[in-house]
Amino acid sequence: MTSIQQNLELITSQIAQAEQKCGRAQGDVQLLAVSKTKPIEAILEACDAGQRLFGENYVQEGVSKVDHFNEQHADLDIEWHFIGPIQSNKTRPVAERFDWVHTVDRAKIAQRLNDQRPETMPPLQVLIQINTSGELSKSGIDSEQVFELAQLISSLPNLTLRGVMSIPENVSNYESQLRAFQELAQVKAQLAARYPTVDTLSMGMSGDMTAAIEAGSTIVRIGTAIFGARDYSNRA
Ligand SMILES: *Cc1c(COP(=O)(O)O)cnc(C)c1O
């Protein structure tokens, strides 16, 4: 077994423990393996261990990986999630390839993704990125503006609104982590009451996964703990 496969096994058991600890059903929480900056071979190793959900942050890199797997390994049937910031001039390659986008935070992006989604593909599964800590420097919209954007997304035929995503401030205190995640869970519950397609809460990374699961996360996004530290020195 490779170290990637050992790491996946460990994280999967940590997720199961967290589910059990807070009385959630086994398998409630999906693991998104964040493969940004990592080579094709690392993704293949994870696939060998049964992993099928992968997250990418950078358009160009993500596009070349999706194309590679579509051409060489279509049988693996990977589900690709785009989780990085999107500029409006880069929406097309994302709309044409990815299955999910976690980082929709404004009307213009939603509209373009809808217009550029090929009719031959299923609707793009979309999460609204919320800025819970209210820091201006981060992407995401305030929770008050979510409902307006949700209204727009739900009216667009080539998008399906699935829920919300957030990257809360990095704090080590469990109670503070939990509070931020519970706020987000509340927004998701309010959306779910209006839109029946809403069932997803993308929150929790390596350092705060347990609190996220206790608060109701349905997708945790884990990179380093699976693939090891990232090396950015070769990036163009
Ligand atoms: C990189 C990234 C992750 C994974 O982070 P790690 O610290 O490597 O686990 C999760 N979510 C988002 C949005 C990311 O950009």
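Below, all heavy atoms of this structure are taken into account, side chains as well, without hydrogens, waters or symmetry copies. One-based numbering, in listed order, for ligands and for the atoms of each.
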Interatomic distance, I4 atom CD1 to K38 atom NZ [nearest 0.5 angstrom]
7.5 Å
Give me each pair satisfying ring pair (Phe, Tyr, Trp, His ring centres under 6.0 Å) with a member in residues 202-227, each pair once, sequence neighbours excluded.
none
Does anything in residues 91-110 form a ring pair (Phe, Tyr, Trp, His ring centres under 6.0 Å)? List the pairs, not counting sequence neighbours.
H81-W100, H81-H102, F82-F98
Residues passing the salt bridge (charged side-chain N to carboxylate O under 4.0 Å, His left out) test with E96, sequence neighbours excluded, are R92
Hey, are R97 and D67 close enough for a salt bridge, meaning a charged N less than 4.0 Å from a carboxylate O?
yes
What I want to find out is whether K65 reaches E61 closely enough, with some N-O distance under 4.0 Å, to be called a salt bridge.
yes
Give the protein residues with at least one non-hydrogen atom closer than 4.0 Å to an atom of ligand 1, ordered by chain and number.
V34, K36, N57, I83, M165, I167, M205, S206, R221, I222, G223, T224, R230
